Amino acid sequence: MKPLRTAWYTKASQCCSTVGGFVLAETFPESHSIPLSDGNQIPLLGLGTYGDPRKTPKGTTVECVKLAIDVGYRHFDGALVYFNEHEVGQAISEKIADGTVRREDIFYCGKLWNTFHPPELVRPALERTLQTLKMDYVDLYIVELPMAFKPGEEFYPRDENGKYIYHRTDLCATWEALEACKDAGLVKSLGVSNFNRRQLELLLKKPGLKHKPVSNQIECHPYFTQPKLLEYCRQNDIVVVGYCPLGSSRDASWYATVNLTCPPLLEDELLVSIGKKYNKSSAQVALRFNVQRGVVVIPKSYNPERIKHNFQIFDFSLTEEEMKAIEALNKNIRFVELLMLSRLGFVSKPAERDFTIWMSRVPMCREAGGRRLLPGHEEK
Ligand code: NAP
């Protein structure tokens, strides 16, 4: 197979050439992967596996993941808190057993949930994911949110008034426990999710940092292009993984509130018209846009045709003008405004959306002196 040339951000020492501000690098052609800063690789396209457990029939995830492997997907994004991790694991085991893939061909990303941030709970949480998946290791394990809930079996602990019960924690201590998991061979790479620049800096500047976060999973699509956070991540060798790359399921009943005031991404006229030029859909153009600028995408689909369709993004490329025009669609609007934060008034304000500043107000780390960072009082 001919190596795919994909524009993605990398260090000058690794690059092949520069075109229009994008640094071009070769991907690993068989898996469409790009390198991570720790020497591992991540496939640019993965299957998101979150489906509302109340609406998704049992076995759906097994069938979809198996189909996706047949189609060519090698990267799966999951979480203990999606309540279907056992189905993802079952599908992968079955495809290994029937000889379609080997374990080392698969890239699985799991997530440390909010109730497991205290250092002594980190390894048991990862081991629980491994047992659920029936795997010896995960390829990437990420801190799902830079905030903690009260530890315990209740994933969404609430008080008698229905308010979430938060927990004072130290992101740096949580990270050290994750580093020990990597050293023990339970995970190949460590990353984060929903971290803003300040929270990334906390980890990067942590005294004695042993393993850098290799990736940051954040909402990222043409209506929320995240230019500043992308630039910061690029400067620090952190690969950005874009969730909701198709503009989310727009399912308002999810734990997160979906911002329905924003028009559906896939109906965007520019994406549709660019798609017509290449005989592609707006969804394929939206995915290609991110992939072409080095952002990993993890579109979710439980529809067999759409699973196949979303994989067909490696046989065309967008021109520099088209990339710029799509970048200009940015509205700095996120589709997913996590209810657990918005209840506390942490919903993004227009001027702040780009940096996910609302997350930084959650009190967490040593450097913040254990103090609550109130709106307008963030540490500079
Ligand atoms: P998404 O991938 O942007 O959109 C999924 C929705 O698009 C589903 O309703 C799906 O329906 C539909 N769809 C899929 N392909 C399509 C196509 N070609 N044309 C039209 N519609 C299409 O949103 P997401 O599921 O919220 O995000 C993707 C993944 O990111 C999740 O599954 C999860 O793994 C991860 N995630 C992580 C976080 C985090 O905090 N770290 C937050 C949110 C999501 P069908 O299933 O019917 O095809």
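Basis for what follows: all heavy atoms, side chains included, without hydrogens, waters or symmetry-related copies. Computed from a predicted structure; not experimentally measured.
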Between Val297 and Pro245 the two heavy atoms that sit nearest each other are CG1-CB, 3.9 Å
Tell me if the CG atom of Asp159 is crowded by more than 12 foreign heavy atoms within 6.0 Å.
yes
Is a side-chain N or O of Asn290 found less than 3.5 angstrom from the main chain of Cys220, in a donor-acceptor match?
-> yes
The complete set of side-chain hydrogen bond (donor to acceptor under 3.5 Å, both in side chains) pairs with one or both residues in residues 261-271, sequence neighbours excluded, reads Tyr223-Asp268, Asn259-Thr261
Cluster check Val65, Met135: I/L/V/M/F/W/Y, side chain < 4.5 angstrom:
yes
Nearest heavy-atom contact between Cys262 and Arg250 is O-NH1, 2.9 Å
Tell me, do Leu133 and Ile92 make a side-chain contact under 4.5 Å, heavy atoms counted? no
Nearest heavy-atom approach of Gly51 to Thr56 is C-OG1, 3.6 Å
Q) For the side chain of Thr132 and the backbone of His86, is there at least one donor-acceptor N/O pair under 3.5 Å apart? A) no
Identify whether the distance between the nearest side-chain nitrogen and carboxylate oxygen of Arg288 and Asp315 falls below 4.0 Å. no
Minimal heavy-atom distance between Leu121 and Thr115, with the atoms involved, is CD1-O, 3.7 Å
> Looking only at atom types and distance, does a side-chain atom of Ser93 sit under 3.5 Å from a main-chain N or O of Gly89, one as donor and one as acceptor?
Replying inline: yes
For this session: Would you please say whether a donor-acceptor pair under 3.5 Å links the side chains of Glu94 and Gln90?
Result: yes
Closest heavy-atom pair, Leu126 versus Cys181, reported as atoms and distance to 0.1 Å, is CD2-CB, 3.7 Å
Donor-acceptor pair, distance only, cut-off 3.5 Å: does the side chain of Thr174 make one with the backbone of Asp170?
yes
- Query: Given Val143 and Phe195, is the side-chain contact (heavy atoms from CB on, under 4.5 Å) satisfied, shown in steps?
  - Reply: CA-CA 9 Å; Val143 182; Phe195 272 46; 4.1 Å; yes
inquiry  = In terms of relative ring orientation, are Tyr73 and Phe311 parallel, tilted or perpendicular, with 30° and 60° separating the classes?
reply    = tilted
Quick one: are Pro213 and Trp175 in side-chain contact, heavy atoms under 4.5 Å?
-> yes
Exercise: do Asp98 and Thr100 side chains pair donor with acceptor under 3.5 Å
yes
Sorted by chain and residue number, the salt bridge (Lys or Arg N to Asp or Glu O under 4.0 Å) partners of Lys188 (sequence neighbours excluded) come out as none
Checking Glu179, Glu176, Glu201 against Lys206 for side-chain hydrogen bond (donor to acceptor under 3.5 Å, both in side chains), the one that qualifies is Glu176
Is Val192 close to Pro146 at the side-chain level, that is, under 4.5 Å between some pair of heavy atoms?
-> no
Query raised in the report: Hey, are Arg103 and Asp136 close enough for a salt bridge, meaning a charged N less than 4.0 Å from a carboxylate O?
Result: no
Exercise for review: Decide whether His211 and Asp183 meet the rule of one side-chain donor and one side-chain acceptor closer than 3.5 Å.
Suggested key: yes
Compute whether any side-chain donor of one residue and acceptor of the other, for Glu85 and Tyr108, lie under 3.5 angstrom apart. yes
Between the CG atom in Leu209 and the CG atom in Leu203, the distance rounded to the nearest 0.5 Å is 7.5 Å
Only one of Glu320, Glu322, Glu321 passes salt bridge (Lys or Arg N to Asp or Glu O under 4.0 Å) with Lys324, and that residue is Glu320
dist Ile42:CD1 -> Ser189:OG (nearest 0.5 Å) comes out at 8.0 Å
When Asp77, Ile34, Leu45 are each screened for side-chain contact (heavy atoms from CB on, under 4.5 Å) with Val296, the one that passes is Ile34
Check: Below 4.0 angstrom, N of the basic side chain to O of the carboxylate: do Glu231 and Arg234 qualify?
Finding: yes
- Is the backbone N or O of Arg54 less than 3.5 Å from a side-chain atom of Asp52, with the two atoms forming a donor-acceptor pair by type? yes
When Val241, Leu229, Asn194 are each screened for side-chain contact (heavy atoms from CB on, under 4.5 Å) with Asn216, the one that passes is Leu229
Working for side-chain contact (heavy atoms from CB on, under 4.5 Å), residues Met323 and Gln292:
CA-CA 9 Å; Met323 289 293 288; Gln292 196 161 316; 3.8 Å; yes
- Query: Does the side chain of Phe116 come within less than 4.5 Å of Arg128's, by heavy atoms?
  - Reply: yes
One should read off an interatomic distance between Leu287 CG and Leu271 CG, to the nearest 0.5 angstrom, of 10.5 Å
Original post:
Is there a donor-acceptor pair under 3.5 Å between the side chain of Asn114 and the backbone N or O of Phe149?
Top reply: no
To the nearest 0.5 Å, atom CD of Glu63 lies from atom CD1 of Ile307 at 10.0 Å
Between Leu266 and Ala283, the two heavy atoms sitting closest are CD2-CA, 3.6 Å
Notebook entry, point to check: Does the ring of Tyr302 carry Lys300 above it, NZ/CZ under 6.0 angstrom from centre and within 45° of its axis?
Noted result: yes
Quiz item: Under 3.5 Å, is there a donor-acceptor pair between the side chain of Asp105 and the main chain of Arg102?
Solution: yes
The reported gap from OH in Tyr243 to CD in Glu219 (rounded to nearest 0.5 angstrom) is 5.5 Å
Side-chain contact test, heavy atoms from C-beta onward, threshold under 4.5 Å: evaluate it for Thr225 versus Phe289 and give yes or no. yes
*Does any non-hydrogen side-chain atom of Ile298 lie less than 4.5 Å from one of Gln217?*
yes
- [ ] Determine, step by step, whether Phe107 and Arg74 satisfy the side-chain contact (heavy atoms from CB on, under 4.5 Å) criterion, reporting the C-alpha distance in whole Å, the side-chain angles of both residues, the deciding distance to 0.1 Å, and the verdict.
- [x] CA-CA 6 Å; Phe107 185 98; Arg74 294 295 178 262; 5.7 Å; no
| message | If we count only N and O atoms by modelled type, under 3.5 Å, do the side chains of Thr61 and Asn84 hold a donor and an acceptor together? | response | yes
Check: Can you tell if the side chain of Tyr232 reaches within under 4.5 Å of the side chain of Leu204, non-hydrogen atoms only?
Finding: yes
- request: Look at the side chain of Gln312 and the backbone N and O of His309, then say whether any donor-acceptor pair between them is shorter than 3.5 Å.
  value: no
Polar side-chain atom of Asp38 near backbone of Asn40 as donor-acceptor pair, under 3.5 Å
yes
Assign the ring pair Phe335 / His221 to parallel, tilted or perpendicular, where the plane angle (0 to 90°) is split at 30° and 60°. tilted
Please determine whether ring-ring contact (aromatic ring centres under 6.0 Å, His included) holds for the pair Trp113 and Tyr156, giving the CA-CA distance in whole Å, both sets of side-chain angles, and the decisive distance to 0.1 Å.
CA-CA 10 Å; Trp113 180 240; Tyr156 294 89; 5.2 Å; yes
When rounded to the nearest 0.5 Å, the distance separating OH of Tyr166 from NZ of Lys150 is 14.0 Å
Checklist entry - Does any non-hydrogen side-chain atom of Val138 lie less than 4.5 Å from one of Thr129? => result yes
* Asked: Is it true that a side-chain atom of Ser273 and a backbone atom of Leu270 form a donor plus acceptor pair closer than 3.5 Å?
  -> yes
